[in-house]
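Inspection log for the structure reproduced underneath, given as structure tokens.
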Protein chains: 2
Amino acid sequence: MPQQPSPAKPTIGDVAAKAGVTKATVSHAFSGRRPISEATKARVFAAAEDLQWLPSASARALATSRANAIGIVLARDPAILASDTFFPAFIAGVESVLADAEVALVLQVAGSREAEERAYRAMASGRADGVIILDLHRADWRVPYVHQLGLHGVVLGAYDAPSPFTCVRTDDATPMAEMVDHLRGHGHTRIAHVAGPLDYVHSHVRSQAYVAAVGSDDLLTEGDFGAGSGRDRTAELLARPEPPTAIIYANDTMAIAGLSYARSIGLSVPADLAIAGFDDDHLSAHLSPALTTVATDPTERGRVSATALLADIAGEPARNIELDCTRLQLRDSTRTAPIPQGEEGR
Amino acid sequence: MPQQPSPAKPTIGDVAAKAGVTKATVSHAFSGRRPISEATKARVFAAAEDLQWLPSASARALATSRANAIGIVLARDPAILASDTFFPAFIAGVESVLADAEVALVLQVAGSREAEERAYRAMASGRADGVIILDLHRADWRVPYVHQLGLHGVVLGAYDAPSPFTCVRTDDATPMAEMVDHLRGHGHTRIAHVAGPLDYVHSHVRSQAYVAAVGSDDLLTEGDFGAGSGRDRTAELLARPEPPTAIIYANDTMAIAGLSYARSIGLSVPADLAIAGFDDDHLSAHLSPALTTVATDPTERGRVSATALLADIAGEPARNIELDCTRLQLRDSTRTAPIPQGEEGR
DNA sequence: ATGAAAGCGCTAACAC
DNA sequence: GTGTTAGCGCTTTCAT
């Protein structure tokens, strides 16, 4: 039989009484914000232990005007959210630093711009001290909005204006250029790119890097990160009069769907078509052929973002953090040069 | 240039002053907990709007002793978390009901039993009014622990003792039995099962159902839900003197890894080996062959769990909810009978 | 229909 | 090294 739910929750006053001191002493014994003799400290801890006292988070929040929590508002379509390998790994990184700091994470999923604003206002109303802004758009309205709400913040991505917040950036252009080089090295000349939604900063940057590297946007097309769009864009590309011999996808989900489609119409990978993704999904290394991709270490980015946000909340000035966390994972899906089919080689 | 972070946040007192009423009136105008004349209501709303007043969540929490938040503590290994299609979809379902109720979701990832207890205590200290208990184990310690902390709760899964909380159950046995039937119907007699960790209630139930259906546990083996274990268990099964002709995996991640492995050693799916998963991962329908699996509607389960938790918090009695949300998705990875290889037929 | 005032459980000046 | 005393910004009796 489980114990009774505690009859009446003990307060700091009860602990103080039991230890024969005042509330202030109890408070300071725990916070260490002023020296307390070892003797009384011991009595206080014993009393607290005895009463199973848990300091009230809301009372503390009210007294200090600090929520001791940070927030993340997810604006993604739930379907896309579910197909996302980035998010859980990112959260894991964030939590790993929050846990030590005794800071909580408040999550909110918003389906519309209005809901999103409501969510940020809720955060600002004392649920969170700051927020991490993800999935940065170009000229993202959330940066000034969040700032004006008086929240602290950190931006994951390269904000395209002077930012009041720390930006945690990754170099998305280089791995794309490297990937194109890698494919060229295997003899490919018609290399396509299925981008993510181009209003995302990172999608945009990558597609720009792609265009710069291949020198044309003829084989550039836009997906939505979902498996369905990976298949559809692939079908369209392969139906062209001059189909690509290699495709770089903006994420592994689309790449895997594309790979499966290519196979289903009788192409062999990488012999007929080379396939590369982005993200290094947990499955990618275990497919056959294993998928060439770009690992982007979401967990590390989560750790760094959370650390930066806590620093911002602690009053440190905003700064720019450039993360070097992308790694090309060359695997079998791009390793063999394709057999040029009735084409004048290169 | 973004606006200044609000110089001094207005309080309910400021609104009251501006509207020429008292704090009580402002409070009631918004909560509707007592009749206020239309005229003053209008003045109050105008003042609030003017001052951009956001009621303080922590002050309200302290005054009402309600956090207006619920919690989820994730005990999963981050690596497994990341390979998990269940979680983001579940969250999406949870949030869809929380948003309407103006309740927040507090998330915590705990890496050890100790961290997990700390996390629940943090929730109980006023961060959350109740929690959803996921990934239920047999004789799960968290149920009595959470109850004794005075938290409200809901359990996702079948708790194996009298539960003080509402349990949201799904019938995991039936789809497994149906899957075995389906494979038998295609002529399979050596059907293996790569289970999830057997200390999870649902893994256990499914594997029991599997054993009951096939009448033996010779071909039962245990994975960890990760792609690597899917590959390894598959390799072991296929290396046996009498390898299975069909494998049912406890999730799609392991199934996809298994499928890829089988192919990499020259087997064709489903001709040589039929493959089935569980979960209906977003990729599964887009593979070739498309993966037969069991859809389990995590979003719906999230919605129902959150609704049940809010009911519990509102004081309604615990009850048992049996959800009918599993559906066999029969696809190509199991559709053709295998060619019996030097074996005396059916 | 509205006002006045007493808390909710902490923290933080300010004393001594 | 410890006690006293105000609040933090709400909600909610109790009055009127």
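Chain identifiers are assigned alphabetically (A, B, ...) following the order of the sequence lines, protein sequences preceding nucleic acid strands; residue numbering begins at 1 within each chain.
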Before we go on, tell me: are the rings of A:W53 and A:F30 under 6.0 Å apart, centre to centre? yes
What integer distance in Å separates B:E38:CD from C:dT2:P? 10 Å
Using whole Å, what does the distance between atom C1' of nucleotide C:dG9 and atom CG of A:L51 come to? 15 Å
Can we say B:E300 and B:R303 salt-bridge, meaning some charged N sits less than 4.0 Å from an Asp/Glu carboxylate O? yes
Do B:R60 and B:N68 have a side chain donor and acceptor closer than 3.5 Å? no
Report yes if the side chains of [X] and [Y] come closer than 4.5 Å at any heavy-atom pair, otherwise no.
| X | Y | result |
| --- | --- | --- |
| B:P55 | A:S125 | no |
| A:L156 | A:L136 | no |
| A:R169 | A:I321 | no |

Which parts of nucleotides 8-16 of chain D does protein reach within less than 4.0 Å, heavy atoms only, written one letter per nucleotide 5' to 3' as B for base, S for sugar-phosphate only and - for none? BBBSB-B--
Stretch residues 39-49 of chain A: residues that reach within less than 4.0 Å of DNA chain C through a heavy atom: none
Hey, mind stepping through B:D50 and B:K18 against salt bridge (Lys or Arg N to Asp or Glu O under 4.0 Å) and telling me if it holds? CA-CA 9 Å; B:D50 246 50; B:K18 177 144 195 170; 3.0 Å; yes
Please indicate whether A:E322 has more than 12 foreign heavy atoms, meaning atoms of other residues, nucleotides or ligands, lying under 6.0 Å from its CD. yes
